[in-house]
Amino acid sequence: METQSVQPNSSTTSNTTQTSGTPEKRALTSDFETFLNMLTAQARNQDPLEPLDGAEYAAQLAQFSMVEQQVKTNDTLATLMTQMGNSDIAELSSWVGKDVRAIAPAHYSGDPITVTPEFAATADRAELVVRDSTGTIVERKAIGLSEKQVTWTGLDSSDNKRPTGLYSFSVESYKEDSLLQDQTAATYNSIVEAQIQNGQITLVLEGGQVILPSVVTGVRAGS
């Protein structure tokens with residue numbers, strides 16, 4: 001059976017133009033409307049002497065129903081994703097002002113920084129290594145293997161405060177004189193903002209560092 005070509009009427013054109021949403025949604029909605037117009041025109045312009053085959057027409061109606069359901073499903077998924085995103089960011093907004101532990105540089109502004117070290121299992125000694133924002137080592141000191149947390153005061157050898165800025169920490173584990181492991185250490189930073197970037201929730205820390213909630217391993221009251 002030959003299918004006649006149909007141009008959308010003015011009302012269809014108007015509806016298509018006003019369709020909003022993502023490019024994928026607009027394309028699917030446009031295809032849905034075009035299919036509906038073609039099916040309607042086909043039924044209206046059929047030859048009375050050679051009516052449409054019932055089975056074929058039923059198959060076209062079934063296809064129409066599938067397209068309609070796909071449009072509705074996409075709308076429902078988009079709504080659910082929006083609700084989930086809003087729920088997550090509402091929950092994380094309660095973290096603003098608190099300190100979170102994560103593997104990220106720490107912002108030093110004169111207050112001590114809490115560092116969480118990890119040691120190699122067979123180590124017999126360890127050192128905390130502190131680097132500034134340029135990667136230059138500014139301090140190195142021995143720490144005990146039993147320490148769960150280490151406080152870095154930020155003071156230099158003359159007990160003067162180091163410059164404000166970002167500092168990163170790592171722990172070198174040794175067995176006698178052999179380096180077994182150089183492990184980046186987690187630090188506590190204050191959260192100043194929770195935001196959505198490109199559909200993904202992120203946390204902005206005091207020094208401007210941006211991390212994902214998934215890398216946070218601890219939350220405590222703000223210092």
Side-chain angles (χ1 to χ4, degrees), residues 84-223:
M84 291 175 62
N86 291 339
S87 175
D88 289 343
I89 198 168
E91 180 180 349
L92 289 176
S93 65
S94 64
W95 289 16
V96 174
K98 294 184 178 180
D99 293 342
V100 294
R101 182 180 65 217
I103 294 180
H107 181 257
Y108 174 71
S109 58
D111 296 324
I113 292 175
T114 302
V115 183
T116 304
E118 290 188 13
F119 309 102
T122 58
D124 56 19
R125 66 182 181 90
E127 294 183 355
L128 178 69
V129 181
V130 186
R131 293 176 171 84
D132 62 16
S133 59
T134 68
T136 302
I137 296 177
V138 297
E139 188 174 343
R140 178 188 292 272
K141 68 173 185 177
I143 57 175
L145 295 175
S146 62
E147 296 188 63
K148 302 298 183 182
Q149 291 185 341
V150 177
T151 299
W152 184 66
T153 63
L155 303 179
D156 61 20
S157 57
S158 301
D159 287 337
N160 296 317
K161 292 183 178 181
R162 296 187 184 276
T164 297
L166 294 177
Y167 292 83
S168 58
F169 302 82
S170 64
V171 175
E172 293 181 350
S173 297
Y174 292 87
K175 186 174 181 62
E176 297 180 350
D177 292 329
S178 299
L179 176 64
L180 301 178
Q181 174 180 286
D182 185 1
Q183 177 69 44
T184 302
T187 60
Y188 276 93
N189 283 278
S190 178
I191 297 179
V192 297
E193 186 179 359
Q195 59 181 224
I196 297 179
Q197 294 182 347
N198 299 322
Q200 189 172 47
I201 297 176
T202 57
L203 301 174
V204 182
L205 307 181
E206 184 180 6
Q209 318 94 297
V210 178
I211 63 173
L212 297 176
S214 59
V215 305
V216 173
T217 57
V219 181
R220 70 182 186 185
S223 56

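Note: hydrogens, waters and symmetry copies are ignored here, and every other heavy atom, side chains too, is used. Remember, it's a predicted structure, so these values are computed and weren't measured experimentally.
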Side-chain donor-acceptor contacts of residues 209-219 below 3.5 Å, not counting sequence neighbours, with atom names and distances?
{"from": "Gln209", "atom 1": "OE1", "to": "Gly207", "atom 2": "N", "distance (Å)": "2.9"}
{"from": "Gln209", "atom 1": "NE2", "to": "Pro105", "atom 2": "O", "distance (Å)": "2.6"}
{"from": "Gln209", "atom 1": "NE2", "to": "Asn189", "atom 2": "OD1", "distance (Å)": "3.3"}
{"from": "Thr217", "atom 1": "OG1", "to": "Arg101", "atom 2": "O", "distance (Å)": "3.3"}
{"from": "Thr217", "atom 1": "OG1", "to": "Arg101", "atom 2": "NE", "distance (Å)": "2.9"}

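Residue Glu206 holds its CD atom at 9.5 Å from CG of Leu166, rounded to the nearest 0.5 Å. Expressed to the nearest 0.5 Å, how far OG1 of Thr114 lies from CD of Gln149 amounts to 5.5 Å.
For residues 120-145, the set of pairs meeting the salt bridge (Lys or Arg N to Asp or Glu O under 4.0 Å) definition, not counting sequence neighbours, comprises Arg125-Glu127, Glu127-Arg140, Glu139-Arg162, Arg140-Glu172. The salt bridge (Lys or Arg N to Asp or Glu O under 4.0 Å) analysis of residues 144-159, with sequence neighbours excluded, yields no pairs. For residues 173-185, the set of pairs meeting the salt bridge (Lys or Arg N to Asp or Glu O under 4.0 Å) definition, not counting sequence neighbours, is empty. Among pairs with a residue in residues 173-194, none fulfils ring pair (Phe, Tyr, Trp, His ring centres under 6.0 Å), at least two apart in sequence or across chains. Legend: ring pair (Phe, Tyr, Trp, His ring centres under 6.0 Å) pairs involving residues 114-160, not counting sequence neighbours, sorted by first then second residue: Tyr108-Trp152, Trp152-Tyr167, Trp152-Phe169.
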Check against side-chain contact (heavy atoms from CB on, under 4.5 Å), Asn160 and Leu155:
CA-CA 5 Å; Asn160 296 317; Leu155 303 179; over 6 Å; no
What verdict does the side-chain contact (heavy atoms from CB on, under 4.5 Å) test give for Thr151 and Ile113, after you've listed the backbone C-alpha separation in whole Å, the side-chain angles of each residue and the deciding distance to 0.1 Å?
CA-CA 6 Å; Thr151 299; Ile113 292 175; over 6 Å; no
side-chain contact (heavy atoms from CB on, under 4.5 Å) assessment of Leu128 paired with Val115:
CA-CA 9 Å; Leu128 178 69; Val115 183; 4.1 Å; yes
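In this structure, the side chains of Leu205 and Ile191 come closer than 4.5 Å at one or more pairs of heavy atoms. Contact of the Gln195 side chain with the Leu203 side chain is not registered, since no non-hydrogen atoms from C-beta on lie closer than 4.5 Å.
Partners of Glu118 under the side chain to side chain donor-acceptor pair (under 3.5 Å) rule, at least two apart in sequence or in another chain, do not exist in this structure. The side-chain contact (heavy atoms from CB on, under 4.5 Å) search around Ile103 returns Thr184, Ala186, not counting sequence neighbours. Gln181 pairs by the side-chain contact (heavy atoms from CB on, under 4.5 Å) definition with Ala120, Ser173, Gln183, not counting sequence neighbours.
The minimum heavy-atom distance between Ala104 and Thr187, with the atom names listed, is O-OG1, 2.9 Å. Between Val171 and Pro117, the shortest heavy-atom contact is CG2-CB, 3.5 Å. The two residues Ala194 and Val96 have their closest heavy-atom pair at N-CG2, 4.1 Å.
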